[in-house]
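Below you'll find the structure, written out as structure tokens, and then a few comments.
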Amino acid sequence: MNQIPDRFDHANAASRILQAWDEAKCSHAEVNPDRKPFTVVIPPPNVTGALHLGHGLNNTLQDIVVRTRRMQGYEALWMPGTDHAGIATQAVVERRLKEQENLSRHDLGRDGLVSRIWDWKAQYETRILGQLKRMGCSCDWDRLRFTLDDVCAAAVRATFYDLFSKRMIYRGKRLVNWDTFLQTAVSNDEVENVTKKGHFWHFTYPVINPNAGEPAQVEIATTRPETMLGDTAVAVHPDPAKAFDKVEQELRSKLTEATDKERSEIQNQIDALDARRSEMLPQLEQLRDMALDGRKLMLPLMDREIPLIADTWAKPELGSGCVKITPAHDPNDYEVGLRADLPMINILNPDGTINAEGGLYQGLTIPQARKKVVADLDALGRLGEVEDREIELPHSDRSKTPIEPYLADQWFVAMSELAQSAMDAVQDERVKIFPERYRKGYLDWLGEKRDWPVSRQLWWGHRIPIWSTNGLNEAAADDAVARLSMMPAHAAGDLQAHIDNREDGSRSVYVCIRQEDTVVEEEIEAMGFVRDPDVLDTWFSSALWPHSTLGWPEKTAELEYFYPTSTLITSRDIITLWVARMVLMGLNNIGDIPFNEVFIHPKILDGLGETMSKSKGNGVDPIDVIDKFGPDALRFGLARLATDTQDVRMPVQYECPHCEKLIDQTKKNRSLPKLACPGCNQDFSTQWAETEEDKSLPKAAVVSERFETARNFVNKLWNAARFVLMNMEDYSPQTVTIEDLPLEDRWLLSRLSTVTQQVTEGIEHYKFAESTRVLYNFAWDEFCSFYVEIAKPRLADPDKRALTQAVMAHGLDTLLKLLHPVMPFVTEAIWECVNQVAPERGVPNPAASPKFVMKSAWPTAVAEHHDESIERQFAEFQEVVGAIRKIRASQNIPPRETVPVAIRCSDSSLQLLQPMVSYFASLAGAEVVLIGPTATAFETDAPLALTSIDVDVHVDLEKFIDVEAELARLDKLKSQLEKQIKGKQQKLGNENFVARAPADVVDKERASLADLEKQSESVEGDIERLRNKSAQ
RNA sequence: GGGCGGUUAGCUCAGUUGGUUAGAGCGCCACGUUGACAUCGUGGAGGUCGGAGAUUCGAAUUCUCUACCGCCCA
């Protein structure tokens, strides 16, 4: 056994163990009527990139729960998979394409780009799965899914078809970035802002029937005059004074941090603002009052009445302080329009010319319309100042033409029923959310019942299964539907057609096809139907995850058995986007909730309190932590920080690749391409290295020393096990009688029972930090520091050896099981060794152990083993040990010296301490020469009174006395006592306290004061004696 | 602007129903290495619990206000 290394070689062990688990299919789950199912679906990580520490936490917690339940005898399925993450992934791939090959998506075409993204997916999925595996995640890898694979695609199609059939999918308007040249919507990241020279036109709108004293017109200013054709309101700030104050306050706070140079500039701005305020405030407040009073304006050129409204989008510090509102052609105005429930008038044709809504201006291009609008307003005398100004203008990356915000047709899912069903599920606690406070956000969000825009102008995703023809008249539409209804697919229930009456009076026909079917698709395309180019919002497929992964819409045995899943563990930023939608889709598709419980875990922040991300340079790769500290340390370290209130702050360091020194990350150094190590003075590179020179330097891993404690704990456990194994060569299993066991064994069994209960309850209630702490303290401070230390002399005693081995093996066995969900690798590695020397173990009756701790039975808290009084008694023993150690330390007595000790205690304590007397030698280097009610102080005595247990400890200092040190210790003790006595006296001197506090509290205080006074007297006596003695 | 959370030792965090001297790990100081472990052992120093007020005999703990930090929504 001596060849077992004294450090756990996690790298070697982990790969060996992973392979063994894999070969034994330890994490595979099957439909098994003999067991209860326990199911968790993984929040599928985006295939955008690699996992970070947040995923590390998320997956560690899931694995802890899953491993625990598996050991508890459930058929535990952890369903793994990844998410195609529509826009994020497409954007990443497109960016790379641009950087590396200078190609755009349009150069590759739809199929070309999608195939590139599949390549990317393959690469990153492999990497992600590798990360999960190395973390020890016990997913059922045979069941791996991807949100864009065939099984998920079938679920998406079936769901969409169902909603379409129920008329819950509809065509609606939404503001998008419109490229008038390509006549298509472009995504946000395809838009680049170009600064151009432009103008800021001021003009006025007349007020309809102003009251006396009110202005006859309102001035507004715009960079896009032609949009006034679509104006449906003019806004003024609801509290202009406050708005002015706020701007001024911001400027002033800027002033305090400004350099001298900037200062005069900012001061000028403040002065200008003040001047503006005194000039304009009364007028703006008057306008605000007019708005609240319902005053209307007449929109020139169009002769349309529009309201004056109060909205914070109007900025008193800018322009005229009033702003025209064109909801259909400006994102901010759109929001105002939603808030104020304004009409949204689209004045553009898809090609960028003015449509019929633009009246006389119909047919003009935007520049033409602009010119004419300005000229016509001028002719009406409504044109004021025209300022030259630089304007940020969004341009399409592709066509290089200006983007027009444009109210375009999009697909929506009607939410009112779906949202209500998901609210009900949480309100009546069919779905329980922990911590409970997250219910509110969930319910509030769903309560708005905003319809869900599900179409995305992307290529990567589930393409919307709708074909349409537009611009039909009523007869043509009816005819099309009639023809569609004759198709066999319609009769089979695989095809649905709806007629949509468009705003312009024309008809559109939409066809939805349930399954991918090229024959039907070609047939309807031949009829003139065109497939929608858009794809679905990525959350649409994620919303189906709990049932699509189990094979729905097929009625699989898995679905029957594993659904609804047991718990969902995720982070709070996707409660609405994902969790809520899974609930409503589960209810819609299956008629049952997707999971019984949801646990929301904290977020991982860096040392500066910022979220970790690759783009900030503070992202930590779990693999780097595993390489440095091991997978168990990563998991334990994360789990012990996972409380349910506090986000986790994790200071981050670079690890010098030359000398392994850890260098704290700062805001400054985390964005540098290379750094010099302050330890060895050598350069290393970071993720930002770009030049060949920098890239040739070795790269520093980004890690956190927060994992050191956990790594040390793994090592501690390893060494405790090593000790046990070293003393087991002659082990033979035996039945033990609990009642006959000595106190130390009873204590261990009782503690094991208590700890088992705490840990089990902790994990079942998602108290990961608490369970982890209980395990850490028990393993280190009780099992190692006391039980193993006590076992040493017992193992040396031939009469006691066998029994000690039996109990010790059992203790280690239980500890390994309890720790396994958190630290699977080291526990499995030890288990393997224990199985060699003690394959049969257990108290009271030994039994054969399974090959893997992973597949062993979770310990149960044994009521007969639990004994509160034994735990309390043992605590007395521990306290006495502590007292002796304190005295020794204060006297600087060398550890190898044995000191004589006298222990004054009650008879009942004597009963406990007497059998433990011999252990004071190994634990405190003490020989107990006197013990019991009559034990007295030594001639040269160092005393310590333990009032709470009514024990006095005396150490004989004859051989060791350091008078100065002892006097110092006693003086300190005395002043501490006096401080406490004073506090108590004050408390008891307070009549209110004595009169009003419960009697038992008062009595306790009195007794405690008496004790303290007694102690104080005795310490004074000791001091006196010592002084006299040293004076002699 | 609304909602939620946080603020406890140099750092990262615990603190159950209000009740003796507020805890842990890391870091720091002192001493210690012949057999489980220096990724260790023993002991020590260090905080009055963001601020103000209220309730109470008694508040880190309950309530109100406030400052700052973070997240979500708008």
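Proteins come first, then strands; the chains are lettered A, B, ... in the order of their sequence lines, and each starts at number 1. Side-chain atoms are counted along with the backbone in the values below, which use heavy atoms only and exclude waters and symmetry mates.
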Exercise. Look at the side chain of A:Arg885 against the base of B:rU42 and say whether a donor-acceptor pair falls under 3.5 Å; ignore hydrogens and angles.
Key: no
Practice problem: Identify whether any heavy atom of A:Thr643 sits under 4.0 Å from a base atom; if not, whether one sits that close to sugar-phosphate; answer base, sugar-phosphate or nothing. | Solution: sugar-phosphate
Quiz item: Which part of the nucleic acid does A:Val724 contact within heavy-atom distance under 4.0 Å: base, sugar-phosphate only, or nothing?
Solution: nothing
Quiz item: When the distance from CZ of A:Arg996 to P of B:rG58 is rounded to whole Å, what number comes out?
Solution: 8 Å
Quiz item: In whole Å, what is the span from the CD atom of A:Glu1005 to the P atom of B:rG19?
Solution: 12 Å
Practice problem: State which residue, out of A:Asn58, A:Thr60, A:Thr570, A:Thr643, fulfils the side-chain hydrogen bond (donor to acceptor under 3.5 Å, both in side chains) condition with A:His601. | Solution: A:Asn58
Practice problem: For A:Gly882 and for A:Phe713, find the nucleotide of RNA chain B with the closest heavy atom, then tell me which residue's nucleotide is more 5'. | Solution: A:Phe713
Self-check item: Residues in salt bridge (charged side-chain N to carboxylate O under 4.0 Å, His left out) contact with A:Glu832, at least two apart in sequence or another chain
Solution: A:Arg16
Quiz item: Between atom CZ in A:Arg439 and atom P in B:rG3, what is the gap in whole Å?
Solution: 19 Å
Self-check item: Nearest-nucleotide pick for A:Ser1008, side chain only, options being B:rU20, B:rC40, B:rC57
Solution: B:rU20
Exercise. Could you give me the stems involving RNA chain B, meaning stretches of three or more consecutive Watson-Crick or G-U wobble pairs whose two defining distances are both below 3.5 Å?
Key: B:1-7 with B:67-73, B:10-13 with B:23-26, B:28-32 with B:40-44, B:50-54 with B:62-66
Exercise. Would you tell me if any nitrogen or oxygen in the side chain of A:Lys440 comes within less than 4.0 Å of OP1 or OP2 on B:rG2?
Key: no
Self-check item: Phosphate contact (B:rA36 OP1 or OP2) by A:Lys792 side-chain N/O below 4.0 Å
Solution: yes
Practice problem: Test the A:Lys792-A:Phe723 pair against the cation-pi criterion, namely NZ or CZ under 6.0 angstrom from the six-membered ring centroid and within 45° of the ring axis. | Solution: yes
Quiz item: Between A:Arg572 and B:rC72, does any side-chain N or O lie under 4.0 Å from OP1 or OP2?
Solution: no
Self-check item: RNA chain B: 5'-proximal contact among A:Lys603 and A:Phe723 (nearest heavy atom)
Solution: A:Phe723
Quiz item: How does each nucleotide of nucleotides 21-32 of chain B score, in 5' to 3' order, for protein heavy atoms under 4.0 Å: base (B), sugar-phosphate only (S), or none (-)?
Solution: B---BS-----S
